[in-house]
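In what follows, a structure is listed as structure tokens, so that the remarks can point back to it.
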Amino acid sequence: MRGDDMLQEGKIWMGVGDVPVNLLLNQANRHGLIAGASGTGKTVTLKVMAEGFSKAGVPVFMADVKGDVTGMAQAGEDSENIKKRVEKFGLEGFSLEGCPCRFWDMLGGEGIPVRITVSDMGPTLLSRLLGLTEAQEGVLNIVFRVADDKQMLLIDLKDLRAMLNYVAEHAKEYETSYGKVSSQSVGAILRELIAVEDQGGNVFFGEPALNLADWMQCAPNGHGYVNVLNAAKLIQSPQIYAMFLLWMMSEFFETMPEAGDLDKPKFVFFFDEAHLLFNNMPGELLDKIVQVVKLIRSKGIGVYFITQSPSDIPDEVLAQLSNRIQHGLRAYTPAEQKAVKAAAQSFRANPAFSAEEAILELGTGEALVSFLNEEGQPCVVERAKILPPQCLMAAASEECMKAALANQAQLMEKYGTAIDRESAFEVIAEEAQQAADAAKLEEERAALEAERAELERQKAKEEAKAAKEAEKEAARAAKEAEKEAERAAKAAEKQKQDAIKEVTKAAGSILGQIGREASKQIMRGLFGTRK
């Protein structure tokens, strides 16, 4: 078989056993599993499969946990090892080439920023991933409902934090309309948010929010883009990692239309370190994942989990993974031996060998493979050697990464700069400022009223004092007038007495004069006139 025929007739050539093993594209949305112990070749298998999907025009998403998936963008090295494998498989015309890749980052590193809004996550998924109790989830539902009713956008974590405090402060006001909001529940949610913030949630939640349509694109040559999420640091924040992957599946499930049976998937997810999705997973959330995994294939979406052991994945999910590649496992403990037996029993038996024994014997790059046939039935398990990838097995070079990042300038322009538009935080802050301003104005008004009242009181006091002084002055004036009247009366009386005395005196003088004159007349009459 030719190397350039690794994708042919609607199937991806994955490896060779007694017969070639091929993944049928029209069965690829039935999901799958790539499992195996560390160092057994899971990443190489992942790259070979992703290359096949990309060449088939199927966009792919994968998380780069160890930092070596970036090699998908770079042509492989023509090493002696590659030559031996090409010769061993009889790959005539085998060419080394990279895939069209786009690099994304959730924690502010290199790559196109990935953000979603708190509203996009929703209260149910957020509650489950925060590990909230039923009562706390009820409070979070109320917070989201109040935000919707008041048209306050919940974009980032500071919006959610502000909204939680806002609802707590107005708990009495909202109790009759929405239900009881306890300060204890609000406090518990705020504490859980601290853990999310510490893991990078303050970078992950925000705008511009990721439009998943930007992942479902093909390069100009028709090959599907391989969307690589930088998860080297992210894997240290399992809560954020699981939160994002679950949101992504749910978002595709809820927004994509029904597709029916397709010749090939519309999109394929590869979830590395899949056990992180299921550690301490609440039952209700696990039910949600099972539902999504069951139904998302009808939307034309394929989901592939990569993990060390199938036992890392709940049975309800494992039952939905029909295309399986099992690399070698180690069995040093009873639990590991049980896991090996369970993995072997999950395959359709091949009479040519014991699957249980083979799992323990598999070398690096070798695997037990069982894909679905055209009728949707599991094929007999084959012990096969996985083909070498055409891309680089290791991490891409710095030059390759720079070139790839330069080619995604348009998306970087769209998502590169965070936007902090008016949302709940700003609205609540503005309301608080308005309330503070109103309180200040009220305080100033009250102060002015108090000052005016004091002035009025002082004025009244002064007027009363003036009136009292006027009354005293009037009393003094009246008393003085009375005294003056008395003095005037006394003066008039004295004047009268003096006048009488004067009249009496004058009368006496006149009478005396008259008497003297009369006496003279009498005397002259008696004694005659003397000459």
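All values reported here derive from a predicted model rather than from experimental measurement.
Counting only heavy atoms from C-beta outward, the side chains of L157 and V196 approach each other to under 4.5 Å. Looking only at side-chain heavy atoms (C-beta outward), L140 and L132 come within less than 4.5 Å of each other. The closest side-chain heavy-atom distance from L362 to L368 is below 4.5 Å. Side-chain contact check for L210 versus Y415: some heavy-atom pair is nearer than 4.5 Å. For the pair P389 and M72, the minimum side-chain heavy-atom distance is 4.5 Å or more. Residues N22 and M14 are not in side-chain contact: their nearest non-hydrogen atoms beyond the backbone lie 4.5 Å or more apart. The shortest side-chain heavy-atom distance between Q308 and E273 does not fall under the 4.5 Å cut-off. D159 places none of its side-chain heavy atoms less than 4.5 Å from the side chain of V118.
Within 6.0 Å of CZ on F244 lie more than 12 heavy atoms contributed by other residues, nucleotides or ligands. For N221, the CG atom counts as densely surrounded, since its 6.0 Å shell holds more than 12 non-hydrogen atoms of other residues, nucleotides or ligands. For R145, the CZ atom sits in a loose shell: 12 or fewer heavy atoms of surrounding residues, nucleotides or ligands are nearer than 6.0 Å. Counting heavy-atom neighbours within 6.0 Å of N211 CG, excluding the residue itself, gives a total above 12. E97 CD: more than 12 foreign heavy atoms inside a 6.0 Å radius. Residue K84 places its NZ atom among 12 or fewer non-hydrogen atoms of other residues, nucleotides or ligands, all under 6.0 Å distant.
Distance alone, capped at 3.5 Å, places no donor-acceptor pair between the T45 side chain and the G365 backbone. With hydrogens and angles ignored, the 3.5 Å screen pairs no side-chain donor or acceptor of D156 with any backbone N or O of F205. Side-chain atoms of E413 do not come within 3.5 Å of backbone N or O of Q410 as any donor-acceptor pair. Under the 3.5 Å distance criterion, the side-chain polar atoms of T307 are left unmatched by any main-chain donor or acceptor of A35.
The side-chain hydrogen bond (donor to acceptor under 3.5 Å, both in side chains) contacts involving residues 73-82 comprise Q74-S397, where partners must be two or more places apart or lie in separate chains. Screening residues 345-359 for side-chain hydrogen bond (donor to acceptor under 3.5 Å, both in side chains), with sequence neighbours left out, gives R324-S346. The stretch residues 109-123 participates, sequence neighbours left out, in these side-chain hydrogen bond (donor to acceptor under 3.5 Å, both in side chains) pairs: T117-D120. Sorted by first then second residue, the side-chain hydrogen bond (donor to acceptor under 3.5 Å, both in side chains) pairs that include residues 291-303, not counting sequence neighbours, are E258-S298.
Residues passing the side chain to side chain donor-acceptor pair (under 3.5 Å) test with H31, sequence neighbours excluded: none. When the side-chain contact (heavy atoms from CB on, under 4.5 Å) test is applied to E316, the partners found at least two apart in sequence or on another chain are L286, V290, P314. Applying the side-chain contact (heavy atoms from CB on, under 4.5 Å) test to F271 and every residue at least two apart in sequence or in another chain returns F61, L245, M248, M249, F269, L277, V303, F305. When the side-chain contact (heavy atoms from CB on, under 4.5 Å) test is applied to N141, the partners found at least two apart in sequence or on another chain are P123, E137. Applying the side-chain contact (heavy atoms from CB on, under 4.5 Å) rule to K66 yields the partners T43, D68, D272; only residues at least two apart in sequence or on another chain are considered.
Judged purely by distance below 3.5 Å, without hydrogens or angles, the side chains of R102 and Q217 pair a donor atom with an acceptor atom. Counting only N and O atoms by type, the side chains of S95 and Q390 include a donor and acceptor under 3.5 Å apart.
With rounding to the nearest 0.5 Å, the separation of CG in L295 from CD in Q320 is 9.0 Å. Considering OG of S423 and CG of L153, their distance stands at 6.5 Å, rounded to 0.5 Å. Between atom CG of residue L329 and atom NE2 of residue H327 there is a gap of 10.5 Å, rounded to the nearest 0.5 Å. Note that CZ of F89 is 5.0 Å distant from CG of L387, once rounded to the nearest 0.5 Å. Note: I386 CD1 to L46 CG = 11.5 Å, rounded to the nearest 0.5 Å. Within the model, atoms NZ of K42 and CG of L33 stand 10.5 Å from one another, a figure rounded to the nearest 0.5 Å.
The shortest heavy-atom contact between A56 and L25 is CB-CD1, 3.7 Å. Of all the heavy atoms in I359 and A344, the pair that sits closest is CD1-N, 3.7 Å. Shortest non-hydrogen contact noted between L190 and L164 is CD2-CD1, 3.6 Å. Taking each heavy atom of T417 and P208 in turn, the nearest pair found is O-CD, 3.4 Å. When all heavy atoms are compared, the tightest approach of Q326 to A343 is OE1-CB, 3.9 Å. When all heavy atoms of A75 and L96 are compared, the closest pair comes out as CB-O, 3.5 Å.
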Donor-acceptor contacts, no H, no angles, side chain residues 222-229, under 3.5 Å, sequence neighbours left out:
unit_1	atom_1	unit_2	atom_2	d
N227	OD1	W104	NE1	3.1
N227	ND2	V60	O	3.1
N227	ND2	W215	O	3.0

Do any side-chain atoms of residues 369-377 form donor-acceptor pairs under 3.5 angstrom with protein atoms, and if so which ones, sequence neighbours left out?
unit_1	atom_1	unit_2	atom_2	d
S370	OG	C379	O	2.7
N373	OD1	E375	N	2.9
N373	OD1	G376	N	3.1
N373	OD1	Q377	N	2.8
N373	ND2	Q377	OE1	3.4
E374	OE1	N26	ND2	3.1

Would you tabulate the side-chain donor-acceptor contacts of residues 332-340 under 3.5 Å, counting partners in other chains and residues two or more places apart, or write 'none'?
unit_1	atom_1	unit_2	atom_2	d
T333	OG1	E336	N	3.2
E336	OE1	Y332	N	2.6
E336	OE1	T333	N	3.1

**Prompt:** What do the steps show when you test I301 against V268 for side chain to side chain contact (heavy atoms under 4.5 Å, CB included), and what is the final call?
**Reply:** CA-CA 6 Å; I301 308 294; V268 170; over 6 Å; no

**Request:** Output, in order, the C-alpha distance, side-chain angles, deciding distance and verdict of side chain to side chain contact (heavy atoms under 4.5 Å, CB included) for M256 and M216.
**Result:** CA-CA 11 Å; M256 292 288 291; M216 301 182 66; 3.5 Å; yes

**Request:** Would you please test F347 and V380 for side chain to side chain contact (heavy atoms under 4.5 Å, CB included) and show each step?
**Result:** CA-CA 7 Å; F347 289 109; V380 171; over 6 Å; no

**Message:** Go through it in stages, so that I can follow the logic: the residues are S185 and S182, the test is side chain to side chain donor-acceptor pair (under 3.5 Å), and I'd like the CA-CA distance, side-chain angles, deciding distance and then a yes or no.
**Reply:** CA-CA 5 Å; S185 292; S182 72; 2.9 Å; yes

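Under a 4.0 Å N-O distance rule, the pair E51/K47 does not qualify as a salt bridge.
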